[in-house]
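Taking it in order: structure first as structure tokens, then the write-up.
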2 protein chains.
Amino acid sequence: MPVLVVRRLIKYLSCLKALSADGEAWVSSHELAEALDLTSSTVRQDFSHVEFSGSSKRGYDIDRLIEALSNLLNTTHTKSIVIVGAGNLGKALARHRGFLGQGFRMCAIFDSAPKVIGQKVGQLTVMGMSDLADAVKSEGVEIGIISVPSEAAQSVADQLVAAGVCGILNVPCTHIQVPEGVAVVEAHVVESLQELACLIKNGNGGE
Amino acid sequence: MPVLVVRRLIKYLSCLKALSADGEAWVSSHELAEALDLTSSTVRQDFSHVEFSGSSKRGYDIDRLIEALSNLLNTTHTKSIVIVGAGNLGKALARHRGFLGQGFRMCAIFDSAPKVIGQKVGQLTVMGMSDLADAVKSEGVEIGIISVPSEAAQSVADQLVAAGVCGILNVPCTHIQVPEGVAVVEAHVVESLQELACLIKNGNGGE
DNA sequence: AAATCGCTGTTAATGAATTGACAACCGTTG
DNA sequence: CAACGGTTGTCAATTCATTAACAGCGATTT
């Protein structure tokens with residue numbers, strides 16, 4: 001399934017949950033398209049990847065579609081996460097509520113600075129890097145978040161891979177190299193602002 | 001210029017700065033391609049959008065290329081930013097060092113909860129939403145960051161637009177609607193993790 | 001000073017993604 | 001019960017992005 005499709009499926013899911021919370025039961029491809037600034041054709045094309053059929057004249061059964069998407073996107077089973085880097089962003093992510101309802105569990109947070117090790121961050125206590133491999137193994141951690149300065153990102157990535165994570169979310173603006181079989185997604189925090197700066201300069205409007 | 005090109009230009013810039021810091025003077029499209037997992041053809045194609053010429057046999061003059069890219073991407077003139085939402089992520093972004101060197105200046109942070117207003121966040125003090133419009137105008141703020149819960153995002157977007165920002169960085173996983181002429185970029189924090197979850201499930205490796 | 005080699009810039013070819021178009025379907029209404 | 005209207009699913013057409021191919025240039029070497 002193409003990455004672009006996956007990204008949109010994630011948006012549909014979020015949008016559908018909001019609709020469901022509002023008490024809606026049915027939605028059409030046109031309504032979804034309008035809400036997300038897409039064409040209805042794209043929406044229907046995307047849903048062709050999902051094991052689910054809409055019904056003519058009424059559209060899609062929201063709750064059943066949510067279920068189908070959740071299965072496909074793997075949000076049903078809870079995934080364990082470790083964060084490496086207990087700076088401002090790392091700590092904020094560790095405390096972030098938004099992950100809970102989405103099937104993610106923050107297991108541990110690590111840092112290399114002795115000064116930071118032992119600090120409390122929400123429920124967690126910052127641990128030293130030497131404990132990383134054990135924690136990943138014993139807790140069955142699948143995902144590592146890298147939130148260290150750029151220079152250290154590749155080394156942390158290597159350690160996460162060695163410890164056995166299958167996916168990495170990379171926060172600093174560095175490209176990291178990983179072996180085949182490990183997935184990487186960039187978080188684009190600073191990059192997104194730079195993208196904005198460029199769009200603004202060139203008068204490229206939103207929408 | 002296509003968005004995908006802009007995103008890569010941002011990566012080139014970041015990579016070039018690292019090379020320059022290492023004392024390198026020249027780089028070829030092949031080297032850049034390898035560092036970022038692209039083809040050299042893509043790199044050269046991308047640079048055709050830049051007012052800059054490489055030199056045959058030696059490649060690109062790193063420092064001059066950095067300058068050309070900085071101009072094109074609008075990172076030379078400092079842009080002022082306000083953050084709306086002083087939760088964990090909002091505060092972390094306000095304190096984040098990574099923005100300084102990149103031409104961004106954090107002007108103010110806002111929240112609607114009386115309990116939070118008045119708190120210190122780094123250099124800044126959390127202000128109430130009623131002060132938003134004035135601050136944007138008097139400080140010439142161009143960019144607003146939305147880091148509030150999903151339900152409130154659209155309303156905050158409307159207020160930022162009304163106040164006169166030209167670009168918005170949207171952190172929560174909601175799609176927001178803005179009038180023509182305002183640029184929006186999504187920060188994809190939770191979404192990125194969901195993308196990872198899906199990639200992992202389907203055995204889609206990294207690289 | 002001529003020949004060489006590696007690199008760029010660009011055009012053409014391929015490959016993806018998006019959009020448009022339409023047949024098939026099914027509730028609803030007269 | 002038949003005609004209608006609106007919606008899906010899919011195929012085709014178009015647009016966009018990436019890759020490949022190659023001519024031309026310039027530093028370097030002989």
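The sequence lines fix the lettering, A, B, ..., with proteins before strands; numbering per chain opens at 1.
Looking at A/R58, its side chain has no donor and acceptor atom pair within 3.5 Å of the base of C/dG27. A donor-acceptor contact under 3.5 Å is not formed by the side chain of A/Q45 with the base of D/dT10.
Among C/dC22, D/dT18, C/dT19, the nucleotide with an atom closest to any side-chain atom of A/T39 is C/dT19. Comparing D/dT19, D/dT8, C/dT8 against the side chain of B/T42 picks out D/dT19 as the nearest. Here the nucleotide nearest the side chain of B/P2, chosen from C/dT19, D/dA17, D/dT8, is D/dA17. Distance from the side chain of A/S41 is smallest to C/dT19 among C/dT18, D/dT7, C/dT19. With D/dG6, D/dC25, C/dT10 as the choices, the nucleotide that has an atom nearest any side-chain atom of A/S56 turns out to be D/dG6. Listed nucleotides D/dT8, C/dC5, C/dT8 differ in distance to B/S29; the shortest reach to its side chain belongs to C/dT8.
For the residue pair A/N71 / A/E67, no side-chain donor-acceptor distance below 3.5 Å is found, with atom types taken as modelled.
Here the CE-CZ distance, from A/M129 to A/F110, works out to 7.5 Å after rounding to the nearest 0.5 Å.
Rounded to a whole Å, the CG atom of B/D61 is 13 Å from the P atom of C/dT8. The separation between A/L4 atom CG and D/dT15 atom P is 19 Å, rounded to whole Å.
Listed pair A/R8 / C/dA17 fails the phosphate criterion, with no side-chain N or O lying under 4.0 Å from OP1 or OP2.
Ion pairing between A/E139 and A/R105 holds under the 4.0 Å rule for side-chain N and carboxylate O. A salt bridge links B/R7 and A/E195; the closest N-O separation between the charged side-chain nitrogens and carboxylate oxygens is under 4.0 Å.
Backbone-only engagement by A/S53 is indicated by non-hydrogen atom pairs under 4.0 Å involving sugar-phosphate atoms exclusively. Contact annotation for A/F47: no contact, since no heavy-atom pair falls under 4.0 Å across all strands.
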